[in-house]
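One structure is given here, and the rest of the page talks about it.
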Amino acid sequence: LRLTSYVGDIAHLFSIFSVVYGIHSSESCRGISFNTRLLYVLVFCSRYLDIVFVTTGHWISLYNFLMKMSFLISSVYVVVLMHIVSRRTNERGFSEHFHSRYLIAPCVLLAALFNYGWTVPEILWSFSIWLEAVAIIPQLSIIHRTGEASKAIKFSLHALTIYRMLHLLEWGRLYLFKYQQMSHIDPISILSGIMQAVILLVFGWVYGSQLFLEQYVSLPIFFCSLLLTKLIRMRTLSQRE
């Protein structure tokens, strides 16, 4: 296992754990997309069906098995936790404007068109790869609509971006330096990974630019307008005298 892939997987886990920490620390699901969390459960359940066939023929490594179980259990735990917390606090956190069906249907079509074999595991695997690329969109939609994000969500997005960029870096390194030794190139994972990276980076740039304008541009404009108002008042008072 390459170091970049290892660090990327850990960053991916931290992106989930930070959401769990945010819910436990605030005892609230405010600002967290239930649709995104549900989509991730669908992603990992579709992709890791092979863990039920832990035999000699399907066993890869202990690390691989533990990571699959970690992603599955942590994702399901987030959904269950959100449901419990929302019922306890009477939050209306599940009313989202961006419906999951707008993402699931295109991913089903892509999985049917682009896969490595007309078998149920292969089509489900392809579906999970495409769905993972867009599963974060409902969460980004909430941030765009409300204009705010908790520290836990920000950390989760940063960790998710690091995970995706590290895996793309590893794929690029293998393609550039070990192309002759590669027995198989995975264009589906590469294209979906690029798609997810573009979504995260574009949103980060837009959201970061918005924060920059609010903090560093609107504030001087406010002080300038305040100063101008005071000068006009002073001039008006002097003219009356």
Side-chain angles (χ1 to χ4, degrees), residues 1-26 28-48 63-82 85 93 96 98 103 128-144 146-173 189-190 192-212:
L1 185 68
R2 304 294 186 274
L3 179 61
T4 50
S5 298
Y6 174 77
V7 176
D9 289 341
I10 298 300
H12 197 182
L13 271 180
F14 270 107
S15 73
I16 302 174
F17 292 160
S18 65
V19 176
V20 174
Y21 173 77
I23 296 174
H24 277 295
S25 60
S26 63
S28 170
C29 299
R30 182 179 177 83
I32 301 175
S33 171
F34 183 76
N35 286 343
T36 285
R37 296 301 133 193
L38 204 57
L39 287 175
Y40 274 119
V41 171
L42 186 58
V43 165
F44 296 129
C45 286
S46 302
R47 186 179 305 171
Y48 298 147
Y63 171 83
N64 182 272
F65 176 76
L66 291 177
M67 291 302 289
K68 288 179 179 181
M69 291 300 297
S70 298
F71 284 123
L72 270 172
I73 294 172
S74 59
S75 298
V76 172
Y77 179 73
V78 172
V79 171
V80 173
L81 182 63
M82 288 186 68
V85 171
E96 302 183 33
F98 200 102
L103 299 175
S128 73
I129 294 295
W130 293 113
L131 186 61
E132 184 186 7
V134 296
I136 197 64
I137 290 180
Q139 180 64 67
L140 301 182
S141 175
I142 288 181
I143 298 174
H144 176 71
T146 61
E148 60 181 14
S150 65
K151 290 182 179 179
I153 292 299
K154 289 178 181 177
F155 183 86
S156 177
L157 291 176
H158 290 155
L160 194 63
T161 304
I162 291 171
Y163 147 73
R164 181 47 66 195
M165 296 306 295
L166 285 175
H167 275 272
L168 287 176
L169 183 66
E170 178 62 20
W171 291 335
R173 186 188 70 84
S189 295
I190 294 174
S192 64
I194 293 174
M195 184 191 306
Q196 185 182 23
V198 168
I199 291 172
L200 290 168
L201 292 175
V202 168
F203 180 81
W205 181 78
V206 172
Y207 184 67
S209 301
Q210 181 181 356
L211 290 179
F212 177 82

What's the shortest heavy-atom distance between [X] and [Y], and which atoms?
{"X": "L13", "Y": "S74", "value": "CD2-OG, 4.4 Å"}
{"X": "I129", "Y": "S192", "value": "CG2-OG, 2.9 Å"}
{"X": "Q139", "Y": "T36", "value": "N-OG1, 3.0 Å"}
{"X": "S5", "Y": "E170", "value": "OG-CG, 3.5 Å"}

Side-chain touch [X]/[Y], heavy atoms, less than 4.5 angstrom:
{"X": "V19", "Y": "L81", "value": "no"}
{"X": "L39", "Y": "P138", "value": "yes"}
{"X": "N64", "Y": "K68", "value": "yes"}
{"X": "I136", "Y": "F203", "value": "no"}
{"X": "L200", "Y": "M165", "value": "no"}

Applying side-chain contact (heavy atoms from CB on, under 4.5 Å), can you list everything that pairs with [X], at least two apart in sequence or on another chain?
{"X": "M195", "value": "W130, A133, V134, I199"}
{"X": "I162", "value": "A11, L166"}
{"X": "F44", "value": "H12, I16, Y40, Y48, F71, L72, S75"}

Is a donor on one side and an acceptor on the other found under 3.5 Å between the side chain of [X] and the backbone of [Y]?
{"X": "S18", "Y": "F155", "result": "no"}
{"X": "R47", "Y": "S128", "result": "yes"}
{"X": "S156", "Y": "S15", "result": "yes"}
{"X": "S141", "Y": "I137", "result": "no"}

For the atom pair [atom1] ([X]) and [atom2] ([Y]), what is the distance rounded to the nearest 0.5 Å?
{"X": "M82", "Y": "S33", "atom1": "CE", "atom2": "OG", "value": "7.0 Å"}
{"X": "L160", "Y": "Y163", "atom1": "CG", "atom2": "OH", "value": "7.5 Å"}
{"X": "I143", "Y": "L157", "atom1": "CD1", "atom2": "CG", "value": "5.0 Å"}
{"X": "I32", "Y": "I153", "atom1": "CD1", "atom2": "CD1", "value": "4.5 Å"}
{"X": "H167", "Y": "L169", "atom1": "NE2", "atom2": "CG", "value": "11.0 Å"}

For R164, what residues pass the salt bridge (Lys or Arg N to Asp or Glu O under 4.0 Å) criterion, not counting sequence neighbours?
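R164 satisfies salt bridge (Lys or Arg N to Asp or Glu O under 4.0 Å) with E132 only.
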Just to verify, what does Y21 make a side chain to side chain donor-acceptor pair (under 3.5 Å) with, not counting sequence neighbours?
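Once residues adjacent in sequence are excluded, Y21 has no partner under the side chain to side chain donor-acceptor pair (under 3.5 Å) criterion.
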Check side chain to side chain donor-acceptor pair (under 3.5 Å) between H24 and all other residues, then give those that pass, not counting sequence neighbours.
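Here the qualifying residues are Y77.
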